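Reviewing the structure listed below.
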Amino acid sequence: MKAKSRKLALGIMALAVQAALAAMPLAARAQDVPDAASLTNPTSFVELGATYASRDSNKFGEYNGLYDKGGSFLGNFGLKGGDAYGQGFGIRRWELEGYDLGTTSRELRGSVEDQGRWSLGFGYDQLRHMLTDGYQTPSQGSMGGNSFVLPPSFGVVNTATGSNGTQGLIPTQVQSFRTVDIYSERQNASFNAGYDLDQNWNFKFSYDRLDQSGAKPISAASDAFNPGPGGYNYRGEAIALLMTPTSYKTDTFSLAANWTGDKGYATASYVASLFHDDNTGWSFSNPYVRGATDPATGTNPGAAFPVDTMSTPPSNQVHQLNLTGGYALSPATRLAGGLSYSRNTQNESFAGSYTTTPDTMPLLPVGSLDALVENTHADLKLTQQATRALNLSAGLIYNERNNKTPVNTYTFLDLGGGAQTVTNIPMSHKRTQLQLAGDYRLTRSQRLHLGYEHEDVKRWCNDPAANNAQGVLSATNAGYYTTASCVQVPENKDNKLDLGYRLKASDAVDLKLGYAYSRRTAEVNPSFYNPMQANNQGFENFGYLAFFDASRKENSYKAGVNWQASAKLNLGLTGKLTKDDYDSTLGVQQGDAKSLNLDVSYSVSENSIVAAYGTWQKRTRDLLTGYDRNAVALVTTLWTNSLADEDTTLGLSGKQKGLMGGRLELQEDLTYSLGKAGYSTALITAPAAAGNLSSGDLPDIRSEMTRLRLSGTYQLDKAAQVVMGFVHQKLKADDYYYNAYQLGFTPTTLMPTNQQAPNYSVNVVYAAYRYSFR
Amino acid sequence: MNAIRRALLACALLGAVGAAAAQTASGPLPDLGGGHRATAQKGLKRDAVCTRCHDEMDPKPILAIYQTKHGARGDARTPDCQTCHGESMKHLKGDPNVKGRAAPDVVFGKGAFKVSDDKLREEVCLACHKGTARTHWDGGQHATNGVACNNCHRIHSAHDRVRDRKTQTEVCFGCHKEQRADTHKISTHPIDAGKVVCSDCHNPHGSAGPKLLKKNTVNETCWQCHAEKRGPFLWEHQPVNEACTNCHTPHGSNITPLLKSRPPFLCDECHDGPHNSRTPYGTGAAGIQGGLLPAGANPNSNAVGRACMNCHVMVHGSNSPAGAYLHR
């Protein structure tokens with residue numbers, strides 16, 4: 001008996017040991033792997049460090065805040081908390097984050113909410129958009145200001161025939177040029193709040209204030225003024241690239257009520273957008289004299305130069321009401337739709353938007369426009385799961401822009417000093433779209449899509465004065481009027497058919513094919529007279545139509561295949577071709593766009609992945625037009641212009657985790673892009689007089705960008721990391737656009753700015769200490 | 001009992017206590033306080049059906065869902081595992097007809113089981129996420145192309161990349177390759193800088209606007225940031241009224257600023273007779289350096305630099321009474 005007891009006792013001990021051995025791994029496991037707390041609770045972090053950029057470049061720092069050589073503070077943080085985490089019972093959640101705090105691209109965001117009850121949030125975002133590199137101007141006046149004058153000591157620029165004008169600025173004039181970095185800065189502050197009344201109702205409010213400052217480069221052409229200061233003849237249509245102020249404020253308010261029921265849902269909202277421009281215009285000097293008896297370039301006129309005025313965008317408002325909703329008529333049938341109505345108004349005083357001398361306007365019909373555009377939108381869509389394999393949808397969309405702005409006739413002097421009388425033409429249009437589609441599952445792995453869309457666009461002018469502003473019939477151009485009329489193409493109709501096919505050929509292969517055909521027709525107003533001109537140049541030639549409303553056929557083809565070649569290797573290939581053929585006798589004749597893309601990704605291991613891609617894109621456009629003017633018969637002196645825009649983009653990236661005993665993580669990204677756009681002009685039939693004609697191929701607008709980004713994160717301990725990175729970015733650009741702005745090479749009536757195509761090679765290093773905590 | 005046996009017994013007892021402690025630390029039903037306790041406990045009890053297997057040891061960070069709104073158990077609306085993945089009885093209890101473990105009723109991601117049909121996956125989400133931004137989901141471009149909610153969203157992850165402005169574009173570029181290439185061109189919106197992201201203009205959940213734009217029209221979308229172009233102006237420019245995309249291409253361009261073509265050739269696509277739009281410009285548009293014109297020649301300011309826009313500056317519209325020809 002004693003032996004049996006010993007055996008039993010030993011058995012218990014063995015079991016106890018076995019239990020302990022079984023349990024210990026459990027205890028040990030609970031400490032080695034991420035525990036539940038680390039997965040269910042948020043991690044906050046603070047990151048402090050520094051960045052260093054190797055050189056100044058406004059183009060490199062166009063948006064990222066790193067436009068100056070040197071160091072800057074690097075600060076990022078993300079803080080989270082609340083009792084809604086960690087498998088608890090709470091619903092409170094809060095978050096505060098900030099990024100790029102040391103640059104002009106900084107942002108700050110915060111929110112707090114009781115989930116399912118209420119929420120509050122705020123945001124601040126800054127963006128400085130650097131617009132020029134090396135822009136120079138002799139004009140006095142700060143960037144962001146509204147006055148760009150030249151002192152009399154600058155001296156006139158003589159542009160009389162035979163003079164070399166701005167090509168021959170004298171040394172004192174050249175020395176007065178200064179370099180200005182033009183930028184436009186946005187600061188966006190926002191606030192939002194939400195409240196859940198119950199399971200069905202919630203309300204949302206948001207306010208956004210967009211504050212824009214700085215300037216943008218814009219051309220300004222002078223007014224003729226004869227005789228002007230000094231008794232000289234100042235010419236019009238002479239050009240300077242100056243800095244229009246962008247001192248704007250946009251306040252946007254939105255209030256929405258959302259209802260959700262068992263079968264339906266609806267949202268009613270009001271949105272207001274109030275735009276204010278601090279300026280109505282800006283002024284600039286005209287130093288250009290043109291008379292044969294006017295003095296040489298550099299001569300002080302003895303009095304201030306004439307001052308011309310350029311307008312700025314008028315302050316305006318939009319108030320919009322929206323209603324959207326949906327309802328499940330049955331489990332298989334759903335209806336969704338929306339209505340929207342808005343009033344867009346503008347009544348900025350005309351004062352300050354035109355040159356008072358010499359553009360005196362004693363017959364200004366009104367002091368401001370009192371403009372009103374009503375925008376209406378309606379949409380309705382019915383979808384039905386007709387059978388297990390068939391889905392159908394039918395939709396209708398209506399958009400209308402109804403311009404009810406008053407029409408008046410304005411008398412002014414054009415740039416050359418000629419008196420013009422023009423009636424404003426407020427334009428309206430509406431677009432109605434009918435969309436029908438069916439999706440059919442041929443088999444478990446094959447789907448077919450068939451869609452049809454009909455679109456009708458109508459254009460008109462409300463005011464009879466605008467519609468009938470044709471004036472009298474032209475004596476020289478039969479069938480045409482001498483002043484303006486409304487639109488050239490009062491109606492377009494477009495019918496589109498599209499087909500799609502998807503095949504899951506195997507667990508590893510997906511295939512997609514698509515084709516669409518669209519036919520747009522234009523109803524042409526045979527008596528159209530271009531409203532932008534009120535003299536005998538104001539008509540388009542016989543048979544000429546603008547591309548965006550001309551009749552055309554469009555064929556689009558799409559194909560794509562994705563192959564999961566193995567557990568580690570995935571390849572994707574897609575291609576697209578769109579061809580447009582226009583019916584216009586003159587105008588854009590055809591255009592096409594092609595693209596091809598290959599993506600490859602390879603999982604080297606659980607902790608390492610490599611990916612590469614290549615994209616090729618090409619777009620072409622062919623234009624046929626005429627040199628002479630003829631409103632009633634086809635011109636015979638024809639010329640063509642072709643555009644070819646081609647891009648190649650290559651990318652290679654990698655990520656490695658778990659290096660150096662799990663402490664080090666690396667990321668690499670290499671991108672190369674080459675873009676070329678070129679124009680080619682050919683004369684089909686040369687006119688009798690050569691004039692300013694030229695033909696041939698323009699140099700390509702070319703840009704080649706290479707970017708290498710390397711980053712690494714090293715875990716010092718459980719909470720602390722060191723983050724380091726290196727960026728090398730190089731841009732080589734060539735653009736004939738800048739040729740005209742070089743001193744000595746400008747047109748004689750265009751002030752140089754000496755801007756160059758952006759080229760840079762910049763290295764950036766950064767290092768930061770990141771502390772993470774819960 | 002000798003010393004060895006006492007030691008072994010002590011180890012066994014300590015080990016068992018340690019195991020119990022560890023089990024409690026990672027147990028599915030922690031001790032909860034008051035307030036939303038009942039709601040949370042009910043939800044966690046339902047979750048435990050799944051989390052007793054799919055715990056912190058799971059190769060995917062399943063439990064990270066508790067950092068998200070989908071894991072806030074104190075909110076009565078929050079779904080539990082089976083709300084989204086289905087009751088999954090065969091997965092839980094076994095299916096004699098299936099070798100190994102049967103799949104859950106709804107499988108969202110690639111893994112051991114075949115992914116469920118996109119319609120089934122999206123219906124799960126739309127059962128709660130009705131209306132507002134998803135009003136036009138049915139029949140929309142993503143829905144008809146087999147893109148379901150979790151193709152873009154990561155529900156179990158603490159960081160849903162598509163909802164974070166810093167990482168959103170990477171998700172969209174997973175399918176939209178042309179737009180990825182466009183953002184590397186010389187003229188772009190600040191997409192790479194993270195200041196403008198896809199959802200600032202597009203509503204990927206469906207829209208009555210063209211190309212899934214979040215507003216009713218192209219222009220209304222652009223005016224969110226560019227209200228200075230809204231007008232209405234005294235002198236309008238017709239292609240501007242109808243669509244900004246008549247001249248601009250918003251994802252990226254070789255021609256600044258985001259233009260499809262450059263003056264004078266851009267203007268030639270709509271204008272023929274008036275003024276200088278009838279004149280062909282070849283290499284002369286590149287000025288003296290273009291090679292055709294001799295040194296000392298006077299390049300034509302209708303062709304070089306900003307060409308037509310040297311004088312016709314206010315192409316978006318002018319509110320000046322002297323601006324009928326968009327000069328002022």
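Order of the sequence lines fixes the chain letters, A, B, ..., with proteins taken first and strands second; residue numbering starts at 1 for each chain. This is a predicted model, so every value here is computed, not measured.
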Taking every non-hydrogen atom, the tightest pair across Ala221(A) and Arg328(B) | O-NH2, 2.5 Å
Do Arg278(B)'s NZ or CZ and the ring of Tyr627(A) fall within the cation-pi criteria of under 6.0 Å and 45°?
-> yes
What residue in Thr217(B), Ile255(B), Asp117(B) has the most heavy-atom pairs under 4.5 Å with chain A?
-> Asp117(B)
Exercise: identify the closest heavy-atom pair between Leu683(A) and Pro280(B) | CD2-CG, 3.6 Å
Does Tyr736(A) have Arg262(B) sitting over its ring (NZ/CZ under 6.0 Å from centre, angle to axis within 45°)?
-> yes
Here the pair of heavy atoms bringing Asn298(B) nearest to Gln167(A) is CA-NE2, 4.2 Å
Go through Pro239(B), Pro232(B), Cys311(B) and name the one with the most non-hydrogen pairs under 4.5 angstrom from chain A.
-> Pro232(B)
Taking all atoms of both residues into account, what is the closest heavy-atom pair of Gly626(A) and Asp272(B), and its distance?
-> O-OD1, 3.4 Å
Which atoms form the tightest heavy-atom contact between Asn241(B) and Met427(A), and what is the distance?
-> ND2-CB, 3.9 Å
Could you look at Thr188(B) and say if it's the side chain, the backbone, both or neither that has a heavy atom under 4.5 Å from chain A?
-> both
Using 4.0 Å as the upper bound for N to carboxylate O, is an ion pair formed by Glu269(B) and Arg621(A)?
-> yes
Salt bridge (Lys or Arg N to Asp or Glu O under 4.0 Å) assessment of Arg180(B) paired with Asp599(A) = CA-CA 12 Å; Arg180(B) 177 181 61 184; Asp599(A) 264 81; 2.9 Å; yes
Would you call Glu62(A) and Lys195(B) a salt bridge, using N to O less than 4.0 angstrom?
-> no
Lys/Arg-Asp/Glu bridge criterion (N-O < 4.0 Å) met for Lys381(A), Asp138(B) = no
Highest number of heavy-atom pairs under 4.5 Å with chain A: which of His327(B), Lys229(B), Arg73(B)?
-> His327(B)
Can you check whether Leu39(A)'s main-chain N or O pairs, donor with acceptor, with Gln67(B)'s side chain at less than 3.5 Å?
-> yes
Among the listed options Val304(B), Thr135(B), Ile65(B), the residue most often paired with chain A at heavy-atom distances under 4.5 Å = Thr135(B)
Between Tyr613(A) and His184(B), how do the two ring planes meet: parallel, tilted or perpendicular, split at 30° and 60°?
-> parallel
Sequence neighbours excluded, the answer for ring pair (Phe, Tyr, Trp, His ring centres under 6.0 Å) partners of Phe233(B) is none
Option in Gly74(B), Pro61(B), Pro190(B) with maximal non-hydrogen atom pairs under 4.5 Å from chain A = Pro190(B)
In terms of heavy-atom contacts, Ser273(A) and Arg230(B) come closest through OG-NH1, 2.9 Å
Output, in order, the C-alpha distance, side-chain angles, deciding distance and verdict of side chain to side chain contact (heavy atoms under 4.5 Å, CB included) for Phe350(A) and Asn319(B).
-> CA-CA 7 Å; Phe350(A) 291 139; Asn319(B) 206 54; 3.9 Å; yes
